[in-house]
Protein chains: 2
Amino acid sequence: MVNETQHACSASSSSRSDGGSSSGSESSKDNSRCSTPVLDADRHERLREKMRRRQDAGDKWFSLEFFPPRTANAAVNLISRFDRMGAGGPLFIDVTWHPAGDPGSDKETSSMIIANTAVNYCGLETILHMTCCNQTKDDITGHLQKAKRLGLKNIMALRGDPAGEEWEEEVDGFNYAVDLVKHIRNEFDDYFDICVAGYPKGHPEAESYEADLRHLKEKVFAGADFIITQLFFRPETFLKFMKDCQAIGITCPIIPGIFPIQGYHSLRQLVKLSKLEVPQEIKDVIEPIKDNDAAIRNYGVELAVSMCRELLDSGMVHGLHFYTLNREVATTEVLKRLGIWKEDPRRPLPWAVSAHPKRRVEDVRPIFWASRPKSYIYRTQEWDDFPNGRWGNSSSPAFGELKDYYLFYLKSKSPREELLKMWGEELTSEESVFEVFTCYITGEPNRNGYKVTCMPWNDDPLATETNLLKDQLEKVNRRGILTINSQPNINGKPSTDPIVGWGPSGGYVFQKAYLEFFTSSEIVTALLKVLKKYELRVNYHIVNVKGQNITNAPDLQPNAVTWGIFPGREIIQPTVVDPVSFLSWKDEAFALWIEQWAKLYEEESPSRMIIQYIHDNYYLVNLVDNDFPLENCLWQVVEDTFELLN
Amino acid sequence: MVNETQHACSASSSSRSDGGSSSGSESSKDNSRCSTPVLDADRHERLREKMRRRQDAGDKWFSLEFFPPRTANAAVNLISRFDRMGAGGPLFIDVTWHPAGDPGSDKETSSMIIANTAVNYCGLETILHMTCCNQTKDDITGHLQKAKRLGLKNIMALRGDPAGEEWEEEVDGFNYAVDLVKHIRNEFDDYFDICVAGYPKGHPEAESYEADLRHLKEKVFAGADFIITQLFFRPETFLKFMKDCQAIGITCPIIPGIFPIQGYHSLRQLVKLSKLEVPQEIKDVIEPIKDNDAAIRNYGVELAVSMCRELLDSGMVHGLHFYTLNREVATTEVLKRLGIWKEDPRRPLPWAVSAHPKRRVEDVRPIFWASRPKSYIYRTQEWDDFPNGRWGNSSSPAFGELKDYYLFYLKSKSPREELLKMWGEELTSEESVFEVFTCYITGEPNRNGYKVTCMPWNDDPLATETNLLKDQLEKVNRRGILTINSQPNINGKPSTDPIVGWGPSGGYVFQKAYLEFFTSSEIVTALLKVLKKYELRVNYHIVNVKGQNITNAPDLQPNAVTWGIFPGREIIQPTVVDPVSFLSWKDEAFALWIEQWAKLYEEESPSRMIIQYIHDNYYLVNLVDNDFPLENCLWQVVEDTFELLN
């Protein structure tokens with residue numbers, strides 16, 4: 001564990017150890033830059049470096065391939081799948097490029113936008129496929145520029161299928177993947193990591209296996225960083241291919257493409273497209289069970305596991321690439337059985353870090369968007385710098401407007417009918433709204449027997465950590481303190497704690513208790529009287545939809561509410577209650593009442609008017625108990641408030 | 001205590017509460033600026049604002065006037081006095097301007113350099129006096145530019161005494177203080193706060209009391225911010241003067257100049273210079289006791305206390321200005337009896353903050369210079385920004401060179417003879433050096449009966465906090481672990497703790513245990529073996545004079561070793577162990593062996609050769625125990641090391 005570096009420095013006082021890029025008084029130009037404690041080498045390495053580091057360390061890894069969805073709803077589902085499968089710790093995912101589907105467009109289903117979402121909103125290292133055949137140089141450069149702009153750092157350079165049968169080479173055109181590789185290196189220098197495809201059986205159109213190997217070598221020598229192979233059915237196919245590559249001087253990583261058979265028809269289609277032949281021993285097993293999906297999938301998993309084991313045991317393979325067909329079960333099972341799915345990945349920070357290169361240094365966010373991280377990323381996408389002055393007073397730039405509610409990653413995952421069942425076909429009073437909040441907290445079915453599994457402010461069931469506060473939350477929601485965000489206080493738990501831990505091991509994490517809720521002006525009046533007694537122990541911000549704002553925060557400074565102390569590092573304070581951004585959050589939090597809830601009902605309907613009334617008259621309140629080593633006093637504050645009202 | 005601000009904001013999402021100077025995407029240009037949590041409004045206000053805030057809050061304050069010393073030794077003493085009297089919490093000090101003494105020069109005794117030292121090294125808000133009579137415009141502008149460059153923000157604009165008796169007004173020259181006030185405002189706009197002198201009895205050369213009041217009004221209307229008065233003997237003199245000023249429209253603060261009588265001769269001299277008359281009732285008391293200094297001083301203190309009480313009780317006086325005559329006892333006693341001397345001033349940070357405007361945002365320093373803050377300030381004076389990227393990796397600029405050893409504020413306060421008595425007229429072995437270190441720790445006299453009250457690395461006796469570690473320190477120094485810096489671990493003590501507390505009240509302070517020492521290569525070898533067992537719990541840096549450097553710090557990142565958590569604020573981490581600056585400190589720490597210790601002895605003498613041997617062969621080691629909630633393991637590390645050696 002000990003990284004003992006010895007480096008001799010000259011004895012002169014101006015000598016510097018490495019790591020200092022500048023010296024002398026000129027260096028001071030850079031000093032105002034906020035340099036962030038690096039939590040995790042992963043965040044600063046490019047993909048090919050991560051790959052090399054994993055290989056050097058002897059760590060086995062995996063990656064996942066997806067294709068772009070056809071509909072917006074399918075896109076929402078795919079993104080949830082990214083989040084779930086991302087939790088298993090893939091080194092990267094990749095998104096295929098479908099020339100027919102307008103892959104470079106801004107449509108929510110385009111390859112470009114799906115890859116953008118994976119990088120920026122799901123925090124996944126992502127490779128975007130790109131084909132060059134039948135496209136102009138300008139088109140391709142345009143796609144690459146856009147990818148760069150969106151924060152994509154990796155391209156899989158492919159030829160693509162020629163349109164029609166009469167394809168002929170164009171002079172000076174993009175005829176082969178190697179042309180695209182050269183173009184990327186010419187136009188974008190070393191910005192992108194480039195991946196190319198390898199064919200363990202030779203490309204079906206190649207003159208010969210050997211000729212195809214020579215083409216592959218050309219692609220690598222033109223600037224490709226690594227190779228992912230076409231699928232294959234026998235481990236020896238890949239191992240022979242790998243040795244043949246090495247024999248002709250290809251030294252970059254070669255990652256086997258694994259295709260767990262998931263069904264009879266998908267296999268037939270894939271085989272047709274790839275012009276591969278299924279070995280007789282596999283056909284013999286599959287044909288008799290071709291109508292039994294579960295049996296085929298079980299067989300596919302067995303087959304993949306045994307092939308992967310053989311590959312890994314060979315010592316020549318460090319990573320496995322999975323053709324998921326956008327499905328979860330089979331691939332996840334193979335990975336779990338291989339023991340390379342991370343059951344409990346260590347969180348580098350208490351929130352999911354975006355993989356956008358510009359955001360890699362981001363290490364602090366306001367707590368308000370804790371349940372809406374994608375919205376936060378969306379609304380701060382125009383920012384140039386992260387962290388943003390550590391949220392120091394007056395340096396927060398403006399948040400993006402709320403006008404883009406239609407954007408699919410800000411919408412609820414549930415359809416209208418489901419939301420109505422959860423939140424009430426008909427509301428009769430403010431109390432029926434209290435009930436919805438209470439059912440969400442308790443997990444009990446509502447009066448119509450439906451469980452409330454999401455709310456406009458929380459698209460997922462209650463977090464494990466929030467569950468610690470469940471009993472108190474239930475009590476206060478019943479009485480009209482409608483909680484939308486909270487965290488318990490923590491006075492130095494190990495950074496490896498399974499529920500609240502984050503960051504490198506050997507550290508300690510801390511939190512101040514936090515509670516955020518909507519409530520009536522009547523309750524706010526009583527609350528303010530109670531808060532006077534607590535003086536500076538409790539910081540509060542209370543705001544209504546019109547922006548009337550009551551606070552005791554000194555000089556509008558941010559309050560750090562989550563922080564961690566680690567060996568050999570500066571202190572990390574990843575979550576703050578920031579008074580300035582609270583006013584941007586306020587707009588979003590109030591708007592969700594209308595956009596997600598009120599609009600479920602007819603205009604002028606009583607249900608809609610109840611939500612509208614709450615929107616117009618309630619206050620959004622947040623409370624921080626600064627005395628984190630003592631028992632959380634926020635429940636007492638609320639208790640005192642109710643008592644005062646009685 | 002609760003600062004409840006209500007401010008209405010428009011409901012639009014782009015609306016901002018105040019405090020945000022920028023909006024829209026253009027604002028992001030400023031975002032990379034590291035904005036620091038403001039601990040203390042004092043650090044960002046100019047003097048006239050501080051004065052106004054104190055007045056509004058009903059706080060009484062005091063200020064202290066000093067004159068520049070004649071000799072370098074006297075300068076060293078005066079600076080120590082600044083440190084001691086600064087601890088009582090003056091709102092500012094001022095340094096007089098002696099035209100005959102080359103006041104604008106770089107001499108260590110010049111008014112300019114003394115004021116510079118007060119601001120930059122002692123962290124005191126400082127007014128520099130400046131006279132204009134018989135000087136050219138260019139001279140004056142040059143002095144003002146230099147003052148600005150040094151970080152001085154306040155000027156007391158005076159005419160000064162004309163040279164000789166035949167003084168005549170010069171056309172277009174600087175004939176009166178008002179000319180200097182106008183000049184400062186013309187040339188430097190609002191950069192400086194300007195103070196002018198008021199004469200409660202009228203200036204001795206003025207045509208009349210009324211004419212002098214009109215002159216004063218001119219000075220104020222030309223741009224002066226406040227008035228300090230000449231001394232006076234009766235409170236009613238000042239109170240009448242103040243009413244008369246108000247009557248003619250002078251509304252700025254008027255601060256009474258208080259002169260505690262400290263001796264017969266100094267009183268007579270002052271009276272002669274100021275052309276004031278001592279009231280008969282005072283003469284009557286003083287004349288009979290004129291040879292009894294103590295009696296006169298006691299009387300002077302009584303008189304000053306009663307006059308100050310009357311002034312403060314009038315409700316018209318908020319601050320008192322003391323003519324100290326560079327003496328400590330009388331003024332301190334008056335202040336203590338008035339109850340406005342701060343016995344236990346709250347420390348805004350664990351180290352003394354410099355008052356240079358550029359350094360006001362400084363909130364983190366390396367721990368190495370903890371006992372040599374003036375050297376740290378000196379060596380970082382060329383830096384453009386504080387904090388310096390929060391010491392994030394690779395952004396520390398170069399430290400100033402060590403060549404300027406002659407600078408008086410880097411020298412020891414003790415003369416050579418005293419140092420020899422403390423550190424040994426003759427050294428016979430390395431062990432006799434161990435003894436010196438041990439005596440410094442224990443406070444016991446050395447074998448010749450002298451107490452060791454300072455060391456080359458610590459110009460003062462052991463800090464109260466270090467005293468907590470005294471027993472362990474003694475043990476290890478005896479055995480050749482020559483400690484020069486240490487702090488205990490602290491797991492969340494109140495920020496108001498009298499020994500280790502700092503920062504605003506209501507917070508919690510934390511520390512990681514730290515130990516820094518010189519030791520032999522033999523001990524280092526054993527230590528490194530022991531440290532392997534502790535893995536990342538203990539971070540270490542071990543370096544010799546040649547710069548051979550052994551460390552387990554990840555990526556040369558700084559390790560925060562002192563931090564505080566406060567209500568409504570980001571986390572403050574004012575002290576770090578920074579691997580890069582450690583190499584600059586190493587040069588200084590090793591050089592002190594030679595410059596301060598070895599050079600006490602003759603060249604080629606055995607004593608000198610022993611120190612030279614240590615300098616050439618020992619290592620400088622620092623250790624941090626990252627597990628601050630557990631018992632400090634560093635003593636065990638050292639214990640294990642000794643055990644391994646036996």
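Remember, it's a predicted structure, so these values are computed and weren't measured experimentally. Residue numbering restarts at 1 for every chain, and letters A, B, ... go by the order of the sequence lines.
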Task: chain A contacts, top residue of B/Val624, B/Asn539, B/Ile565, B/Val543 (heavy-atom pairs, under 4.5 Å) - done: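 The option with the most such pairs is B/Ile565.
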
Open item on the list: Quick one, B/Tyr508 and A/Asp627 - any side-chain contact, counting heavy atoms below 4.5 Å?
Closed with: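 Heavy-atom side-chain distance check passes, below 4.5 Å.
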
Task: Close side-chain approach of A/Glu570 to B/Gln573, heavy-atom, < 4.5 Å - done: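 Side-chain contact under 4.5 Å: yes.
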
Between [X] and chain A, which part of the residue has a heavy atom less than 4.5 Å away: side chain, backbone, both or neither?
X: B/Asp625; value: neither
X: B/Asn626; value: both
X: B/Phe582; value: neither

TODO: Drop me the distance from A/Gln557's CD to B/Arg569's CZ, to the nearest 0.5 angstrom.
DONE: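 Taking CD in A/Gln557 and CZ in B/Arg569, the distance rounds to 5.0 Å.
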
